[in-house]
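Below you'll find the structure, written out as structure tokens, and then a few comments.
The figures here come from the full heavy-atom set of this structure, side chains too, leaving out hydrogens, waters and symmetry mates.
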Amino acid sequence: STSSGDGTPSICPQLFESLELTHTLSPARPNAIVHDFEYNKKDGTIFYDIRKQEEETNGYARLVTTDSWYKTLLSSILYIIFMVIDLESNVLLVAALFSDQSIEDAIDITVRKLFTVVWFSLLLLAATVAMLVASKEHALKASPDCGDLIMHGNRFDRAISFIAMSVFIFFSVEKQVKDVVVTLHPWKSIQPFAAFKTQGTRAFVVGYLNEHLFRVENHPGQVHML
């Protein structure tokens with residue numbers, strides 16, 4: 001567990017005496033893998049049902065294991081696949097609007113052109129916003145105070161990093177997937193964090209002020225994309 005400036009652990013040590021990797025919240029899902037929980041910051045009492053705990057003395061934490069990260073990664077991949085399918089469907093629709101004779105006869109040319117221009121403009125706007133947000137994030141991560149990106153590499157490698165960040169924002173890839181190195185790095189200033197092994201499994205605990213703050217941080221750029 002990382003420590004604060006005065007040497008005290010950032011997470012109450014008593015928490016790890018009762019922390020479970022699996023927990024039964026309902027008979028329908030016995031021994032479900034724990035992904036998050038709330039805990040009392042003073043005595044380490046754990047609350048697995050986060051919906052019932054909203055006390056100011058509680059903190060919110062994500063329990064990161066290989067299983068939980070696989071699940072998050074899979075959901076991100078599936079989401080990207082569905083978005084690509086949606087984009088492909090619209091491209092095929094635009095192509096059909098100007099190549100299918102039956103559609104040309106049924107829909108006026110003005111309507112077909114208007115749909116094409118509006119759809120392409122919105123797509124271009126989303127891509128532009130993603131690049132702008134990525135540019136700000138790239139500058140922050142490349143700063144000496146942050147140091148998450150290597151800036152003394154060649155232009156090609158730096159360009160690949162920027163393109164990847166833009167694509168991640170465009171497809172709404174979760175922060176806990178794309179920034180897993182930053183999230184699980186032990187060098188932190190004030191964020192609660194611990195790396196440990198229990199029940200034969202490696203795991204990490206990453207703390208946040210509350211669940212709502214985590215949800216917002218986990219989807220960077222979502223407000224701009226909307």
Side-chain angles (χ1 to χ4, degrees), residues 1-76 78-79 133 137 140-141 146 148 168-169 172-199 201-226:
S1 175
T2 56
S3 302
S4 57
D6 58 1
T8 58
S10 60
I11 298 179
C12 180
Q14 287 81 358
L15 178 146
F16 300 97
E17 297 177 2
S18 57
L19 180 60
E20 300 175 351
L21 299 182
T22 61
H23 187 77
T24 301
L25 284 177
S26 66
R29 295 187 59 194
N31 295 324
I33 294 178
V34 176
H35 296 282
D36 57 358
F37 58 89
E38 290 191 0
Y39 65 98
N40 186 289
K41 297 178 182 179
K42 295 182 179 180
D43 59 21
T45 302
I46 299 175
F47 308 100
Y48 292 100
D49 191 348
I50 61 176
R51 295 170 297 180
K52 295 182 179 181
Q53 306 298 325
E54 299 296 339
E55 301 292 335
E56 294 183 357
T57 56
N58 290 348
Y60 174 79
R62 300 289 298 182
L63 180 60
V64 183
T65 59
T66 302
D67 299 85
S68 66
W69 195 78
Y70 281 171
K71 180 180 179 181
T72 305
L73 178 61
L74 177 61
S75 64
S76 295
L78 292 176
Y79 185 78
V133 175
E137 184 178 349
L140 176 63
K141 291 183 176 180
C146 190
D148 291 330
F168 293 153
I169 293 174
S172 300
V173 176
E174 296 182 40
K175 181 180 179 181
Q176 59 180 336
V177 172
K178 70 184 186 69
D179 286 345
V180 63
V181 174
V182 179
T183 302
L184 301 184
H185 195 283
W187 194 345
K188 302 180 184 297
S189 55
I190 59 175
Q191 184 178 27
F193 173 84
F196 62 101
K197 187 173 184 179
T198 182
Q199 303 170 33
T201 303
R202 295 183 180 90
F204 301 88
V205 169
V206 184
Y208 297 87
L209 184 61
N210 54 58
E211 178 191 3
H212 310 293
L213 180 62
F214 163 75
R215 302 297 179 193
V216 173
E217 289 185 356
N218 196 38
H219 293 278
Q222 63 178 349
V223 176
H224 298 86
M225 295 302 293
L226 291 175

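Under the 3.5 Å distance criterion, the side-chain polar atoms of Asp179 are left unmatched by any main-chain donor or acceptor of Val182. Without hydrogens or angle criteria, Asn218 side chain to Gln176 main chain gives a donor-acceptor distance under 3.5 Å.
Rounding to the nearest 0.5 angstrom, the gap separating the CG atom in Leu140 from the CG atom in Asp148 is 8.0 Å. Distance check, rounded to the nearest 0.5 Å: CG of Leu78 to CG of Leu73 gives 9.5 Å. A distance of 9.0 Å separates CD of Gln191 from OG of Ser10, quoted to the nearest 0.5 Å. To the nearest 0.5 Å, atoms CG (Leu21) and OG1 (Thr198) are separated by 5.5 Å.
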Donor-acceptor contacts under 3.5 Å from residues 22-32 side chains, at least two apart:
residue, atom, partner, partner atom, Å
His23, ND1, Glu20, OE1, 2.8
Thr24, OG1, Asn31, N, 2.9

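Heavy-atom neighbours of Ile190 CD1 from other residues, nucleotides or ligands within 6.0 Å: at or below the threshold of 12. Residue Phe196 places its CZ atom among more than 12 non-hydrogen atoms of other residues, nucleotides or ligands, all under 6.0 Å distant.
Between Glu137 and Lys178 a salt bridge is recorded (basic side-chain N to carboxylate O distance below 4.0 Å).
Here the shortest heavy-atom pairing between Tyr48 and Ser18 reads OH-O, 3.5 Å.
With Phe193 as reference, Val206 is the one residue of Val206, Ile11, Thr183 to meet the side-chain contact (heavy atoms from CB on, under 4.5 Å) rule.
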